[in-house]
Amino acid sequence: MKIEDEAAKEFLNNILASMQGELFTIDKDARITTFNRAAEKITGFKKEEVLNKKCYTVLRSNLCKSKCRLKKTLETGESMFNYEATLKNKAGKEIPVNITTSPLRSSDNEIIGALEIFRDLTERKRLWESLREERDKAQQYLSVARVVIVALNSDGEITLINKKGCEVLGYKEEEIIGNNWFDFCVPEKMREEVKKVFRKLMAGEFKVAEYYENSILNRDGEERIIAWHNTTLRDKAGRIVGTLSSGEDITERKRTEAELLRSEKLASLGQLAAGVAHEVNNPLAGILVYIKLLLKKYKQNKLQTEETEKQLEKIGKEMERCSRIIKNLLDFSRQSEAALRPVDINKVVEATFSIIGHHISLENIRTEKKLCSSLPLINIDFDQIQQALMNIMLNATQAMPNGGDLTIITSAAKGVKIGGSSKDAVRIDISDTGMGIPKENLDKLFTPFFSTKEKGKGVGLGLSVVHGIIDRHHGKIELKSNPGAGTTFSIYLGVVDEEKN
Ligand SMILES: Nc1ncnc2c1ncn2[C@@H]1O[C@H](COP(=O)(O)OP(=O)(O)O)[C@@H](O)[C@H]1O
Ligand SMILES: [Mg+2]
């Protein structure tokens, strides 16, 4: 800037004075030569109070003593841009400011002073402070959450993880952030598959599964089973930029559930033993009779081809029946990993009948099946649903000590309310004409170890296992009972919805 003469100087001063930003100028001796209105407003000093005073005697800054940039500008002619400092106002209060200084030159390019423009940062600092407070608060919420919370960007890198997440994984936050989630936490055997799903999700080809269970690997190489709830994160334009998930560590719960399943399985096998023995005994007895007969005729040399053939065929049929019963039993007693696949519920009902049908008929109970033939497939674990049906059917049998009717009906149910949403389902009704359930017992029925049966007959785990199984399938159980007249258990299981995957 060149200042030609007094008139020009005054003209310039007028412009500076009315400029929007806060500014002042000094001469070579650091005496204030201009002090504009905006500067007056912020500092509380009047122009008259500061003109001709050395700048550092009035506008005391934290940089005055050691690192005065104005001085440097005066000495070197260099401009200094956008540095932060604090100034004291007239009342002695510190104001955070952003400063730019530049030299003022005469027509022959000599430095004759300097200009300082300063911006009040109070408001910006306050905003920043409140943002930080908000962020801290949010982080506090995250850290008290008793579930794992993780956010991934579209590359699958971890951008946020809360305290519980660090605990479960066994790492510090700074060791986790920035890592690829799948390489870092997902067990190798399922890594590629999960990555593929994530890539599809990011490409928008897939809707996020709101709930699923899978394992993660912690620092000690131990697998923890996590139940996840997920949502996709989008930017302002609606593009998918990542995922946010909350996950509950259900490893222990899964273990107890597996324990429960196992013990209830043993209990129902115990209850079945007599019936099964009887069922296998009958064909065996038949076989024995035929064999004795054939042996006798053979010894007497009286075997007749046609008759012998028929009898051998009968033996074969009876043996097949035995091996079918034994196979069913083995299938049922086998420990199996939960696996969901599309299944026709009627097949489960038939399989259950083939195991316990005979046991039921021994108790003088008539059974009836009304199976709808056009049911959609449902995504279930065959063995577990079979166990659930069996538990309910055994209870029904035990509720009819003097005989009665047991009916199973399958049907399609549209728009069933399950867990807040309404979906199409398959319905299974299991009814008995037994003693019924007194009102006061209704809400205790599904609690573990609640039993009204004498020792040896019941341990009170059957219905709690049923409840666990149906819950895991995101289904619903309803119950109607008339004391003295009978009980109906209705199970609803959601139909596979292809689109929603
Ligand atoms: N169909 C039914 N009719 C009457 N009572 C039932 C029926 N099903 C279950 N209950 C009651 O619920 C209780 C709990 O059942 P469950 O959990 O299977 O345990 P358990 O059969 O070992 O007693 C039973 O003891 C019985 O009182
Ligand atoms: Mg039971």
Side-chain angles (χ1 to χ4, degrees), residues 253 256-276 329 332-333 348-349 351-353 355-370 383-410 427-473 475-493:
R253 201 174 82 200
T256 16
E257 269 174 11
E259 265 325 302
L260 262 182
L261 264 176
R262 210 161 24 241
S263 57
E264 175 60 22
K265 216 172 218 179
L266 283 176
S268 25
L269 278 172
Q271 289 173 20
L272 285 175
V276 169
L329 257 187
F332 178 65
S333 64
V348 187
V349 174
T352 316
F353 259 93
I355 301 180
I356 63 169
H358 193 77
H359 169 78
I360 296 175
S361 59
L362 278 180
E363 302 289 323
N364 201 15
I365 291 166
R366 279 178 305 275
T367 55
E368 192 180 359
K369 285 177 276 179
K370 290 186 201 157
D383 294 352
Q384 290 194 1
I385 296 298
Q386 175 173 327
Q387 162 118 53
L389 298 185
M390 184 177 300
N391 290 1
I392 295 175
M393 283 161 72
L394 280 173
N395 282 344
T397 311
Q398 289 166 338
M400 302 183 280
N402 304 316
D405 295 312
L406 192 156
T407 315
I408 294 208
I409 304 173
T410 58
R427 171 174 173 169
I428 310 126
D429 293 312
I430 303 168
S431 312
D432 63 63
T433 54
M435 58 180 74
I437 302 164
K439 256 208 173 88
E440 64 270 22
N441 285 352
L442 281 179
D443 51 355
K444 295 180 235 157
L445 235 47
F446 294 95
T447 17
F449 304 111
F450 173 78
S451 177
T452 55
K453 293 167 194 170
E454 59 192 271
K455 260 208 171 136
K457 277 227 154 175
V459 274
L461 287 177
L463 287 181
S464 76
V465 164
V466 171
H467 193 263
I469 291 174
I470 302 305
D471 244 18
R472 246 168 285 138
H473 284 79
K476 176 167 91 162
I477 312 173
E478 275 173 2
L479 163 62
K480 279 200 193 88
S481 190
N482 285 325
T487 307
T488 298
F489 281 83
S490 306
I491 296 177
Y492 298 87
L493 294 164

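Order of listing sets the numbers, starting from 1, for every ligand and every atom in it.
- Near ligand 1, residues N395, A396, A399, D432, G436, I437, L445, F450, S451, T452, K453, G458, V459, G460, L461, G462, L463, T487, F489 come within 4.0 angstrom through at least one heavy atom.
- Inter-residue side-chain proximity for I430 and I409 is flagged as unmet; no heavy-atom pair is nearer than 4.5 Å.
- One finds the CD1 atom of I477 at 9.5 Å from the CG atom of L493 (value rounded to the nearest 0.5 Å).
- No salt bridge links R366 with E368; every basic N to acidic carboxylate O contact stays at or beyond 4.0 Å.
- Between I428 atom CD1 and L389 atom CG the span is 5.5 Å, to the nearest 0.5 Å.
- Residues N441 and F450 meet the side-chain proximity criterion, which asks for heavy atoms closer than 4.5 Å.
- Among the atoms of N391, no N, O or S atom is found under 2.8 Å from the Mg ion (ligand 2).
- Note that OG1 of T487 is 8.0 Å distant from CG of N482, once rounded to the nearest 0.5 Å.
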